[in-house]
Structures are given as structure tokens and as C-alpha cells.
Amino acid sequence: MASHNNTLAETAGPEVSLPARKGHFKSDGLQLRLGILLILLTGIGPSLLGNSYWEHTFQLVNIYIAVAVLQNFLFVDAGQKSFGQGAILGFGAYGLAIASGIHGLPLAVGVLAAVGAAMLGGLLFALPALRVQGFHLGFVTLSAAIVFPQLLIQFDDVTQGINGISLYLPALTKPVVFGLSGLTLLVTAVPIAALLMHYGIRNARLGRRMRLAAESAEAARSLGVRPGLMRALGFMIVSAGTGICGALYVPTVGFISPQGFLVELSFTLFFVVVVGGRGQLLGPIIGIWVIYIVPNVLLVQLVEYRLLIYGFLTLAVVIAFPDGLVGTVEARRRKRFQRGGGEQGFRLAPFTETLEKIAPRQVPAEAAPILEVRGAVKRFGQVVALDGVDLQVRPGEVHGLVGANGSGKTSLLNVISGFSQMDGGSYSFRGRDVTRQNAASIARMGLGRTFQTPRIFTGLSVWDNIQLGLDARPTPLEPEMAALAHRFKEAYGEDNPGLLAHGQRRLLEVIRVVFADPGLVLFDEPAAGLSPAERAEFSRLLRQLSKRLGVAVILVEHDLDLVWDIADRITVLETGTVVASGPPQALARDPAVQHLFVGGAHA
Amino acid sequence: MLSEIAVIVIRGVAIGALFSIIAMSFNIVHNATRILNFAQGHIFILGGFAAYFLADNAGLPTWLLMLVLITLVIGVLVAAQGWLTLLPLRGNTSEQDSWMISTVSVSVIIAAILMLLYGPFAYSVSGPVPAFRIFGVKTPGAFVLAIAAMLGWYCLLSFFLRRTFTGLAISALSQDFDAARAAGLGVRRLQLLAFGISGMIAGSAGFMVAPIISVSPDAGMRYVLNGFIAAVVGGIGNNSGAVIGGPLVGVMAMLMAYKVGGAYQDLASLIVLVVILMFWPQGLFGRAAARRV
């Protein structure tokens, strides 16, 4: 398993090498190629064979595929479950049909109207998404799917109500190349474009940060990402794309009416994504085949039972194969070809070795405190978690925060990182008062943190988990660190974080936050669950962070030996108040807290 | 004018009572599992169908007998649904999102079955309480039943959740699953019970108020949405909030129907929902909870 890679050893020196193994964490590239191939086959194939029935069927199917691909992106990469994508498609279709079909405006204007209308509809989801998530948005989207066809009928002076709108575009049905019409080419190109967009965003910084916000709002905010903004952005991107699909829907079908956009369509699209496999690039395509094509084309006599079948199929998939059809195959593949884990699964050593080579950043001895907390008060109902806490941390200082369970350590960390608001007092970070700032802005000012339960995302590779930190970094990497990042990418790019031991996950989270180049890091019980060797590596890292990078650290830790060894100053909390604060030697003489450090009475 | 206001208020409060009943049936499941059952509106309608087929024009004793029977049967059915919903959720958290998919599919399944069996028609049901006049306005007897059902379930739930050991255990679940398990509570059994109770609430209410609701396969969606709005207005998980939120939403809906026409009722609900979520995401009477990190 742990064969060593020579080229790595050459660039890194002989001391530490990273493991190199074969295997692929994701099959996105393969799925993308397969998906494009399938869309090409069904999009162009029937026309080349001259079968107009299949040509027409697959034109509509390919539009639905494009809508489902976008919904798939929304579902997993942006983390939002929408039951209203059929309505957004309708907004787009009606945008074009009203502009060009009724008012005879040029098609370019019609397409713009389609995208605009769809985005207006999407705004209805995106605006509440700024504040809420999950089932709240589920109900909003469901409600929109129900209301949309009613509106089409209500505002019949605009939409022509149940009479619908016809729009034939003969120019689009003329052969352009190889006997293929413009319409055929468009309905083939649009789902391929949707698929490429999904793949492209997923592998870009935006996609990673969106996924981060979807997986853990807290981790996102701690890395400077506003989850609400990401959710809203996800809805808007998908709405714009769905609007284009809507514009294409009109000439494909030739006639639109409220009947085409009932809530059943939204449900069908949703079920397509789930049955195909949430988050799998190929999922929506396979999903459409199973959910739409088979019952509609091959089992025409069962049309009445369609929704019942969809419902049961989806329920069965969720219970028996939660990953969906493609997802289940992918999970098997991942299990068979997985790599990572073991003793070499993740280590700090390459990182600390590299830090040794970086010139130390000088911190002036009398530098102003990077963090200054004044009289922090935090209450939870009757319970006073913090009762007037003062705290000062200087740049480059390792500040230990100790105290019994319930003494207010984590409450203090949450208040400092902006996750909860103080009920009294104030604090400043880097000389600015940030008492009322939100967590994401404070993080962007250079405050990082880890969590008691490490926020490691098993849907991303080990390297992508690290890269989330780099994505949050405001400054370029030093050349040594850039080289190290490259080595990490080579070594961990295809590793499965699900195989990492608990201690390794902690260290991974630590590296992530350090790569984000913070000025102050809050570590919440970082040593819990670390092996003695990992613990030693971790203390070495802490020293280097403070001495070489000039990063200030607040360390909440029950292992008092560790705190005693590396902290420059220690603050002791008891029931929400500071009972002692100072260098370790001074605390050893302080009768109020002596018992904590002397003898074997470690908490 | 006065009688118009009276009509709006009486109708609004009575219809709103239905919303708050659905909101309370959301709340008990949400508190025990963090799940919101999207099928709750269809379960409510199921009670209405039961009233049409088993107790229409029946005498009071038959009606009462059927009420008890239907309440129990729907309770068991929803407990079974809960069992299915909880199957993929290991560790008793709703971190995973599968419950949203499974409860929505159950709502689609119920609507599809009702549609196949009984067609897209709305059935009218006559209840045991005759119509009466209030402020000179003829008022369906089921309005009284709606408000009685709301207050009855509210009192029952308050007593159950605060005074009985099982109820207190369910309340403890809403605080912390792990602590509840550490305290020796059978978390999964309590969650199934919560599902069952939510089914009893929605099913019995649907049965009792069948004369004033639209007993049709596609009506479930409208009730689940308005019930959700009532729950959000009152603060999700907060039954006292739901009892105020429901009638508030109901009166607002009636007022809207009176001013701009009933056809825009669903649009009005959607707008109210979006506005509430944007400006009062914790509800008007929600309680602040300690954030977990």
C-alpha cells in the first residue's frame, strides 16, 4: 500500500515522503463523457436514421434532461431541494412565448425574456434562501409549483389562459448540417452544456465553496463563506439555465398551456434526480430513462398509474438504494478502488517540515493585541455561560484556555468567531470592533477555527477538503508552501477521507484552516483522539504557527500537559468568569488554580 | 359591513383552526425527529375521505365510534410511515436529507391512490352538528368542531407533553438526542409514537371537519402548505404559537379572498410564506434556542 514516490522525495528532500497509490475517488470525468455520448446518441441518432417519432420524443426528453441536470446541481452541489423546477421551466417557456409568440418580438428578445422570467421566478426561491434553508425552501418551492399553473389561468389576458400559446419556428426545423435541423442541434447542445456547466462549477472554487455551504453552514462561515448567499446564487444560476431550457421547450413542442407545467412535472423532475442518483453527473440521464421514457413510451397503457409508480419507485430507492441507481454503482466502484487511510492516511510531518524552511515572520515584542475581549456576557435563558470575560491575545501568542466542562470555553470561542452574539461587552479583532459582525466577515478578516467534531466532508477527496482552506486564502502562497500544496494534491487528490482515522481528520481540519492564512486560530479540543505521535506532531505545528508564521492561537484543551508545554499564556475559566490569567509559571504559584496544574489532578 | 367582518373572522378562525391542527401535527414529529412530514396534509384529507365513506349521514353514536376507529387506524398508518422514513436515518439525526424525499413521495402516493380510486372529484360530507346562526350568519356546524378539535388537541398535547413520563421523554428528545439516549430513553420507539400521534391528530381532525374541507385528492397539498405557514408563523415546534398562528393565517386568507377574490388564495399563501421566512424566519412567537456547534 504505502510504496514511496521517488519524485516526491527528490523535491521534498529525503526526510518525509507522501504515499502514492493508484485509484480514483470520483468517476466524474467518465460519467461526463458517458453522459455526453448518450445525449449525442439520442439527440442526433433518430434524425440521422430518419425516425421522426423518436426524434420528437428525444427532443423533449433532452430538454427535460437539461432541466434535471441543473436540478441535480442544485440538489447536491448547492444543497437545495426544490420541488418547483417545473414551474421555473414554465416561467422560461412563457417568457419566450409571450414575447415572441404573442407580441411578435424578435427571438433574441424572446430568449432574454425567457431567462429573465425564469430568474424572476427563481428569485422567489433565492430571496428566502438568504435567510432559511432545508424544508423551509422545500415548502416555498412546492407552493410555487402549485400556484404557477393557477396564475397562468388567472392572468389569462397576459398568458391566454387555458387556450395556451402556439409558436412555430419553421426556420429551426430546416436542415442545417448533415440533414440535422437547428432545433435538433440546439436540444442536443443544451443538455451537454448543462452537464459541462455542472462539471465545471463543481471543480472550480465557486463549486467547492457552494458545496461547503451545503454540507456545513458552520464550517462555511468559519472559512468566510456566507451560506445564504451561496444558496441564493445556486438558485439563480439554475433558474437562468432552466430559463434557456424553457425557451427551447416552446419551439420543440410548438404549443404551450398551463397543462404542461402542473405540479406533477416538478415532482417528476425531482424524482428523476433522486432515482438516477443525487449528485452523480450521469444520474439525471439514467433517471429520465427509468422514470420518464420507460413508462411513457413502452408502457403507454399505464399512464394513469404513472405518479403512483414514480412515488413507489422513489420511496423504494430512498429506502433500499439511497444513492440512487448511478450512485449505487459509483459507491461499489469507490469501495473497490478506494485508496487512502491507514497510518499514512494523513500526516502533519510534510507540513511541519516545510514550515521549517520558511523564514520566520517577526512579531514586534510590544505589538498591539490581535484580539481584545472586554466584559463578554453570554446567556442562554437562565444560564449565564459567560459573565464578564476579559481576554487579550497578542500576535504570535499561543493562548491556552482551560477550565472544567461548562465553564464557558466553547461559548467564548463561539462568541469570538461570531457564531453567537454577545449579550453584553464588546471585542475587537485586528484593532477593529467586530462585536456585531457576522461570522463570515470575521473569518475573512483572518480568524480561523476548528470544531470539536471535525468538519470533514466525505463527498470530497482528502485534497479537496484541504483545498477549501486554500480557497479562503486572501494572499498567494509562499513558494515552499505552494510546492507543498502541489505535493498534497498529488498524494491526496484521489484519497477517500472516509478512511481516515479520527485523529487524522482533526489534523486535516487543522491543515485546512492554516492554509487559509489566518491571523488567529481558535482550536476547540484539537488533541482529543490524537495518538501520542500525532500529538507530538501537533504541538510542533502549533509552535511553528506561532513562532514562524506569527499566527496567534487560542487553544481550548483538556490535556493540560500539552497546554502547559506550549502555551505562552493561560487563562482559566470557572463558571463563566476568568479566575486566573498569565504565563504558566505564574499560574503554578497562583493558589486559586494551582490544583489544576500541580500533581495528578488533571481534568 | 359588520356581518361581513363577522363572516371573515368566523370563517377565518375556523379554517385557521385546521391549519393550526396540522401545524401541531408537524410540531410533535419535528420535536421528536427534526423531520417535517410533507404528507401531513394528505393524511388530513384521508380522514375526510374516511368520513365520506364510513360516517356520512350517520347517527351520532356511529359517528363517534368511527371517529375513534379512524383516529387509531390513521395513527397506526402514520407510525408505519414514520418507521419507513426513519429507516435510512441512522444515528437518529436528520443530518441526511432522505426524509424530505420519502415524505414527499408518500404524499404523492396517497394522492395518486385516492385519484385512482375516487377520481378528481370533491366529495361533500354532512356532519353530526347542524348549521346554526351567529350574528345572523348561517354557520356550518363543523366550524365548531374545527375549533373544538384544535383546542382539544392543544390541551391533550400540553397535558401529555408536560405531565406524563412518555410525553416528557418526547419533549426531552427535542432538546438533545444523545442526552436522551444516554438517559436510557428508547429514542426510536418514542419517535414512532410521535409519528403515530401526529397521524391521530391530522386524521381525526380531517374526519371531524370533513363537511367544511374539500375532500378531494389534490386538496392535501393546500392544507399541508397552509399548515406549514401556520407552524412557521407560530415558530416551528411551538404548539401555543400554532394555536395563534393558524387562526391568524386563516383570517388573513379570508380577508385576502374577500378583497381580491378566492382564486388568488394560493398565491397569497405563497407570498405570506416568503415574506415571513425573509423577515421572521423564527416565527412571530418562536423561541430562541442555544446554537449547537
Side-chain angles (χ1 to χ4, degrees), chain A residues 75 79 81 83 124-125 127-132 134-140 142-147 150-151 153-154 218 263-264 267 270-271 274 278 304-320 322 380-381 383 385 410-411 413-414 417 419-420 451-453 524, chain B residues 26 30 34-36 38 84-85 87-88 94-113 115-116 218 221-222 224-226 228-229 231-232 236 261 263-271 273-282 287-293:
Chain A
F75 205 126
K81 277 122 230 116
F83 303 111
L124 204 59
F125 305 163
L127 285 179
L130 289 170
R131 295 295 299 274
V132 296
F135 56 75
H136 292 100
L137 293 177
F139 277 104
V140 173
L142 184 59
S143 169
I146 293 167
V147 171
Q150 295 176 2
L151 283 187
I153 294 169
Q154 285 307 313
E218 272 99 15
V263 65
E264 283 79 5
F267 278 140
F270 181 83
F271 290 157
V274 173
R278 289 170 266 168
E304 281 178 21
Y305 296 89
R306 209 165 56 187
L307 269 183
L308 188 64
I309 298 170
Y310 294 173
F312 271 116
L313 200 57
T314 309
L315 192 60
V317 162
V318 165
I319 289 163
F380 296 105
V383 185
T410 297
S411 294
L413 289 197
N414 285 343
S417 49
F419 279 25
S420 61
F451 297 88
Q452 279 184 17
T453 323
D524 200 353
Chain B
F26 273 139
H30 183 260
R34 313 267 153 79
I35 285 172
L36 273 192
F38 276 68
L84 274 178
T85 307
L87 264 187
S94 59
E95 297 275 301
Q96 300 108 315
D97 45 32
S98 70
W99 60 264
M100 242 164 105
I101 304 165
S102 50
T103 59
V104 165
S105 7
V106 166
S107 82
V108 170
I109 290 171
I110 295 177
I113 290 177
M115 180 74 95
L116 286 171
D218 57 357
M221 213 61 96
R222 183 170 301 166
V224 81
L225 285 173
N226 283 300
F228 178 71
I229 297 173
V232 170
I236 287 180
Y264 297 99
Q265 220 162 312
D266 288 348
L267 177 65
S269 301
L270 173 59
I271 291 170
L273 178 58
V274 168
V275 169
I276 292 271
L277 289 180
M278 282 180 67
F279 297 101
W280 300 277
Q282 302 300 320
R287 53 173 175 208
R291 180 184 290 281
R292 287 161 233 274
V293 171

Distance-only, no hydrogens or angles: does the A:R131 side chain make a donor-acceptor pair with backbone N or O of B:P281 under 3.5 Å?
no
If you tally heavy-atom pairs under 4.5 Å between each of A:A385, A:G79, A:P128, A:A129 and chain B, the highest tally belongs to A:P128
Reported NE2-to-CG distance for the pair B:H30 and B:L36, which is rounded to 0.5 angstrom:
5.0 Å
Residues in salt bridge (charged side-chain N to carboxylate O under 4.0 Å, His left out) contact with B:D218, at least two apart in sequence or another chain
none
Which heavy atom in B:V108 sits nearest to a heavy atom in A:F271, and how many Å separate them?
CG2-CZ, 3.9 Å
Contact origin within A:V132 toward chain B - heavy atom pairs under 4.5 Å
side chain
Against chain A, work out which of B:V106, B:I101, B:V224 has the most heavy-atom pairs shorter than 4.5 Å and name it.
B:I101
Where does A:F312 contact chain B at under 4.5 Å (heavy atoms): side chain, backbone, both or neither?
both
Using non-hydrogen atoms and a 4.5 Å limit, figure out which bit of A:R278 sits close to chain B: side chain, backbone, both or neither.
side chain
Compute the ring centroids of B:F38 and A:F135, then answer whether they are less than 6.0 Å apart.
no
So for B:V275, is it side chain, backbone, both, or neither that comes closer than 4.5 Å to the heavy atoms of chain A?
neither
B:R222 side chain vs A:I146 backbone, donor-acceptor pair below 3.5 Å
no
Begin from the C-alpha positions of B:L267 and A:Q150 and carry the test side-chain contact (heavy atoms from CB on, under 4.5 Å) through to its verdict.
CA-CA 9 Å; B:L267 177 65; A:Q150 295 176 2; over 6 Å; no
Heavy-atom pairs under 4.5 Å with chain A - which of B:I110, B:L270, B:I113 has more of them than the others?
B:L270
Under a 4.5 Å heavy-atom cut-off, does chain B meet the side chain of A:L151, its backbone, both or neither?
side chain
Would you mind checking which part of A:F125 comes under 4.5 Å of any heavy atom in chain B, side chain (CB onward), backbone (N, CA, C, O), both or neither?
neither
Under 6.0 Å between ring centres, would you say that holds for A:F270 and A:F75?
yes
Portion of A:V318 that has a non-hydrogen atom of chain B nearer than 4.5 angstrom
both
Tell me yes or no: between the side chains of A:N414 and A:S420, is some donor less than 3.5 Å from an acceptor?
no
Could you look at B:L84 and say if it's the side chain, the backbone, both or neither that has a heavy atom under 4.5 Å from chain A?
both
Given heavy-atom pairs under 4.5 angstrom as the criterion, report whether the side chain, backbone, both or neither of A:L124 touches chain B.
both
Check each atom of B:F279 against the heavy atoms of chain A and say whether the ones under 4.5 Å are side chain, backbone, both or neither.
backbone
